[in-house]
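Notes follow the structure.
Residue numbers start from 1 in every chain, and the chains themselves are labelled A, B, ... in the order their sequence lines are given, proteins ahead of strands. Keep in mind that what you see is a predicted model, and the values were worked out from it rather than measured.
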There are 2 protein chains.
Amino acid sequence: MLNVRSVTGDTRERIHEAGLALFHERGYTGTTVRELAEACGLTAGSLYNHYASKDDLLFAIVDRVHDRADAVLAGALRSAGAGPEAQLEALASAFTAFHIARPQATRVANRDYIYLPPAQRESVVRRRRRVRALFADVLRQGEREGRFSFAVLGSEDAVEAASMAILNMAVWVAEWFDPSGPRTAQDTAALHGRLALRIARG
Amino acid sequence: MLNVRSVTGDTRERIHEAGLALFHERGYTGTTVRELAEACGLTAGSLYNHYASKDDLLFAIVDRVHDRADAVLAGALRSAGAGPEAQLEALASAFTAFHIARPQATRVANRDYIYLPPAQRESVVRRRRRVRALFADVLRQGEREGRFSFAVLGSEDAVEAASMAILNMAVWVAEWFDPSGPRTAQDTAALHGRLALRIARG
DNA sequence: CGTGCGTCTGAACGATCGTTCATACTCGGT
DNA sequence: ACCGAGTATGAACGATCGTTCAGACGCACG
């Protein structure tokens, strides 16, 4: 019984990974459940023993990557201590490393979540907003403590634009970062941490 | 005859705009030619009097937005004069304003160009690379003149990461910018220009 | 040794996909 | 009044879509 469950879990996991690869490459609407099945050595009908629908698989993928992102960001914040500069650098660096390490899952999560049915999409939108708020809060706290400066920029609530700039820098890094290139992922993550400080510190 | 052509051109243009709206909202693979036709008050078969295929419409959309982006960037560079700081600020600001002004076309161009047939996709990829090179060249020139500093960052070729950060800030601005919000497009564009300088100047 | 649950297949479902085509209509040019 | 080019139609094409289902297989359990 337990053994059966673990085999089942493996199949479900294999489908999950096939979804990562195929959604990443062809997009959600561009991927066929028969392609997903073939990538797992299964028949289309068999997928429905493991996921209720194609939507369901997409949500599983997007939800898991959000779980991991939350964990990574919480860990970065915890190990950074109290200073807003250390916190921002840790957040930007860890988020960048996260996106470099999981280019498939993060691209799918950021590009294809719009195809989720309304209820599940709302759930994802809420999680995305929470990540935005995490960065914006650190920026605002840093401004309050006089370490960051946004009022100088002359635009009201420049914090939102600045945090989106930092977020987009991290979120889309895998679209240009070349794992076989000269730079390592750690280098690039550290570099993004410093660029985030440039954005905030002025 | 000329009148006929102009009517034809209107229909072709209406299809183009329906493609903008529908591809933007549902993605290329998520949009049906019958939906496109209905949005124009036409029949599916009629579309093929104006575009050779669904692919062809996508390429027309993506190619046109690249034409306009090139023009905007060239104009910004021309009116900025010789200084790398003025040039970078003008490029980032103009590119941001461009993406705010055309959220549909730019999202389609940046997200759905991967669905183009290989030859046309290659053409788009080349144009994208040229835009990247434009920003990177300004950053490198500024570093040569001692106005920007990237070597300090400790990572080799930090210019690439910095120019991608600036590009992504501009490219994805329409995903969070709210036209009905308190900030104007001009404010945000100017703000992005200053943030680009923060990234480059250090 | 059966029993039953979980998983698989392969066929089938109705719907819909992008595209083609014969046909009819519109309308400026002669 | 007639012609011909350009455009619209609506039916049809074969293919493929996401999903369902009846039946068969395998394997842990009593």
Please pick, from C/dC17, D/dA8, C/dT20, the nucleotide with the shortest atom-to-atom distance to any side-chain atom of B/T11.
D/dA8
Trace of the salt bridge (charged side-chain N to carboxylate O under 4.0 Å, His left out) decision for B/D70 with B/R130
CA-CA 9 Å; B/D70 288 348; B/R130 232 172 288 142; 5.0 Å; no
By ring-ring contact (aromatic ring centres under 6.0 Å, His included) - contacts of B/F135 (at least two apart)
B/F95
Just jot down the salt bridge (Lys or Arg N to Asp or Glu O under 4.0 Å) partners of A/E122, sequence neighbours excluded, or say none.
none
Distances under 3.5 Å between protein N/O atoms and the N/O atoms of nucleotides 9-11 of chain C, please, pair by pair.
residue: C/dT9; atom: OP2; partner: A/T43; partner atom: N; Å: 3.0
residue: C/dT9; atom: OP2; partner: A/S46; partner atom: OG; Å: 3.0

B/Y115 atom OH is separated from C/dG18 atom C1', nearest whole Å, by 17 Å
If I take atom CD1 in residue A/I15 and atom P in nucleotide D/dT19, what distance separates them, rounded to the nearest angstrom?
13 Å
Who passes salt bridge (Lys or Arg N to Asp or Glu O under 4.0 Å) against A/R64, sequence neighbours left out?
A/E13
Residues pairing under side chain to side chain donor-acceptor pair (under 3.5 Å) where one sits in residues 167-180 of chain A, two or more places apart or in two chains, turn out to be A/R107-A/E175, A/N168-A/W172, A/D178-A/S180
Starting at CG of B/L36 and ending at P of C/dC17, how long is that distance when rounded to a whole Å?
11 Å
For DNA chain D, the residues among residues 17-28 of chain B that have a non-hydrogen atom under 4.0 Å from it:
none
Check the distance between C/dA15's P and B/E35's CD and give it to me in whole angstrom.
17 Å
Does any residue of residues 53-62 of chain B have a heavy atom under 4.0 Å from DNA chain C, and if so, which ones, in number order?
B/S53, B/K54
Can you list everything that forms a salt bridge (Lys or Arg N to Asp or Glu O under 4.0 Å) with B/R198? Sequence neighbours excluded, please.
none
Atom pair distance, as rounded to whole Å: OH in B/Y48 and C1' in D/dC13:
13 Å
Taken to the nearest whole Å, CG/B/D10 to P/D/dG6 is 17 Å
B/H50 side-chain N/O to D/dG6 phosphate OP1/OP2 under 4.0 Å
no
Which pairs count as side chain to side chain donor-acceptor pair (under 3.5 Å) when at least one residue sits in residues 95-105 of chain B, sequence neighbours excluded?
B/T96-B/H192
Under the salt bridge (Lys or Arg N to Asp or Glu O under 4.0 Å) definition, can you give me all pairs with a residue in residues 77-100 of chain B, not counting sequence neighbours?
B/E85-B/R147, B/E85-B/R201
Applied to residues 32-57 of chain A, the salt bridge (Lys or Arg N to Asp or Glu O under 4.0 Å) test, sequence neighbours excluded, yields A/R26-A/E35
Residues A/D137, A/R144; criterion salt bridge (charged side-chain N to carboxylate O under 4.0 Å, His left out); working and verdict:
CA-CA 10 Å; A/D137 285 347; A/R144 241 175 274 123; over 6 Å; no
Please work out if B/T31 contacts a base, only the sugar-phosphate, or nothing of the nucleic acid, heavy-atom cut-off 4.0 Å.
sugar-phosphate
What residues form a ring-ring contact (aromatic ring centres under 6.0 Å, His included) with B/Y113, not counting sequence neighbours?
none
